[in-house]
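Counting from 1, the numbers follow the sequence of the chain as shown. A quick note: this is a predicted structure, and the numbers were derived from the prediction, not measured.
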Amino acid sequence: MNKAHVWHPFTQMKDYNNSDPLIIERGEGVMLYDVQGRAYYDGFSSVWLNVHGHNVPELNQAITDQLGRVAHSTLLGMANVPAIELAAKLAQIAPAGLTKVFYSDSGATGVEIAIKMAFQYWYNRGQSSKTGFITMNQAYHGDTIGAVSVGAIPLYHDVFRPMLFPAHTIPYPYAYRHEGGAAAAMEDTLDALRDVLEQRADEIAALIVEPMVQGAGGIILMPPGCLREIASLCRKYGVLLIADEVATGFGRAGEMFACDHEQVSPDLLVIGKGLTGGYLPVAATLATGDIFDAFYAEYEEQKTFFHGHSFTGNPLGCAAALASLDLMQKRNLIEEGKGKAVFIRQKLEALAGRPHIGEVRQLGFMIGIELVKDKRTREAFSWKDRIGVRVSQRARELGMLTRPLGNVVVFMPPLASTEEQLDAMIHILIRSIVDITEGALA
């Protein structure tokens, strides 16, 4: 039935239908179990979103308790208790000034909201010429049309280009692939941004960025200070800053939000994935009071933000999010995660001398290992080598699940993983890389 009826996302179905499909039946802690009873470590947090592991009693209970009250109630002109409580909590833990919370159901829809808010913000303020957006090359912000318009991964986005609105694209600082290293990569990014702003600031509504770590582009790390300079330039030229923290939020990048690394407070913040601990599809776009005030007017002025989703502020999802945030605090996951991140870094040092390891990139629990055909020249493997896919397949054979980004092997375990579990996962990860790139399975 699976092969007959299910069309899987980001999956070439011809490959899939010729493979041995993995069908998950249940989860427990950091382990997932398939229908044959085989166990696997969840080495990529079920696509970067699981925080506490699977089948967590506290989260299960929160959802069960809320289910006994009401499963869903709209936020269109109404409210529900968990959505109110979660909004207050998010305003408390978010970067300073982000006090207004607009709910949605995925990172892509959260980005759509941020884009539309930024556009209408300037329109409502009488500056209707500010309609453009700045993004960064290899950016991924989701798969809906607006989110794709500010995306810049050719493989994912080029086929849809005729459907999209244009955006100004500047480089994301990719130190490993820049001849001048981190400093020069950062300088190129800031120079390109400065050039666009100097020439077109009166036409630009906002810049959108994945702060500190560019996810789907290959787990690319920003050099220190780059995000702070980007924010400063946006303020100087009167352009809004949208921080897409769908992947980096809730401790994944080592702080509650990646913006916290450089004390940056964006005008709009998009969150999702780890918001509910990885349990239910809830996302949110947080805005400053200044953004909100541009929409706050008499009814007949028609400055309302005409946007909404059927399941916006779903009580079950909001209850799960509240329980997840409470559990993060009780277990001190952010601070403990910093120590575990050091443990991961030390364990991955075993890869340093391997002939096909280009770079190991890490911020918190976000790790990308770029595999290269030639370590000296940094020559990349070709697509037909399918090197990342083969490493991930080998990891599955050895008992761990992950998905690659081209030639970059991704490791993003749940934040609640113990050092013993991390050690076991890293052992599988290293063995899988060695087996495929230089071993008998190469």
Taking the side chain as everything from C-beta on, heavy atoms only, tell me whether [X] gets closer than 4.5 Å to [Y].
X	Y	value
P413	Q421	no
T131	F119	yes
T248	E255	no
M117	T285	yes
E210	M222	no
C318	V81	no
D290	Y121	yes
Y40	L22	yes

TODO: With side-chain contact (heavy atoms from CB on, under 4.5 Å) as the test, would you mind laying out the steps for L280 and I63 before giving the verdict?
DONE: CA-CA 10 Å; L280 289 168; I63 294 170; 3.9 Å; yes

Flag yes if more than 12 heavy atoms outside [X] fall under 6.0 Å of its [atom1] atom; otherwise flag no.
X	atom1	answer
E198	CD	yes
K236	NZ	no
F165	CZ	yes
E203	CD	yes

[X] side chain to [Y] main-chain N or O, any donor-acceptor pair under 3.5 Å?
X	Y	result
E245	P211	no
Q362	I367	no
D42	V30	no
D188	A185	no
S392	G388	yes
E112	A147	yes
Y279	V56	yes
Q199	V196	no
W122	A205	yes
T189	P171	yes

- [ ] Check the pair R386, D15 against side-chain contact (heavy atoms from CB on, under 4.5 Å), reporting the backbone distance first and the verdict last.
- [x] CA-CA 12 Å; R386 299 162 67 96; D15 282 357; 3.2 Å; yes

May I ask you to say whether [X] pairs ionically with [Y], meaning some side-chain N is under 4.0 Å from a carboxylate O?
X	Y	answer
R361	E370	yes
K330	E58	no
D20	R396	yes

Between [atom1] on residue [X] and [atom2] on residue [Y], distance to nearest 0.5 Å:
X	Y	atom1	atom2	result
E379	K373	CD	NZ	5.0 Å
Y172	C226	OH	SG	7.5 Å
S417	M412	OG	CE	13.0 Å
L325	Q92	CG	CD	9.5 Å
Q393	T402	CD	OG1	12.5 Å
N55	L32	CG	CG	11.0 Å

Shortest non-hydrogen contact from [X] to [Y]?
X	Y	answer
L363	A253	CG-O, 3.4 Å
K303	A297	CD-CB, 3.9 Å
A184	H178	CB-CE1, 3.4 Å
N407	A380	ND2-CB, 3.9 Å
A118	I242	CB-CD1, 4.3 Å
A323	A62	CB-CB, 3.5 Å

Tell me yes or no: between the side chains of [X] and [Y], is some donor less than 3.5 Å from an acceptor?
X	Y	value
D105	T109	yes
Q61	T64	no
Y156	D143	no

For the pair [X] and [Y], name the ring-plane relationship: parallel under 30°, tilted 30 to 60°, perpendicular over 60°.
X	Y	result
Y16	H8	tilted
F295	F305	perpendicular
F10	Y140	perpendicular

- [ ] Please lay out, stage by stage, how L164 and I145 fare under the test side-chain contact (heavy atoms from CB on, under 4.5 Å).
- [x] CA-CA 7 Å; L164 312 178; I145 291 301; 3.9 Å; yes

Task: Set of residues satisfying salt bridge (charged side-chain N to carboxylate O under 4.0 Å, His left out) with respect to R378, sequence neighbours excluded - done: none

Between [X] and [Y], ring centroids under 6.0 Å:
X	Y	result
H309	H307	yes
Y296	F292	yes
F365	F411	no

- [ ] Please assess I369 against V408 for the test side-chain contact (heavy atoms from CB on, under 4.5 Å), listing each intermediate value before the final yes or no.
- [x] CA-CA 5 Å; I369 302 165; V408 177; 5.7 Å; no

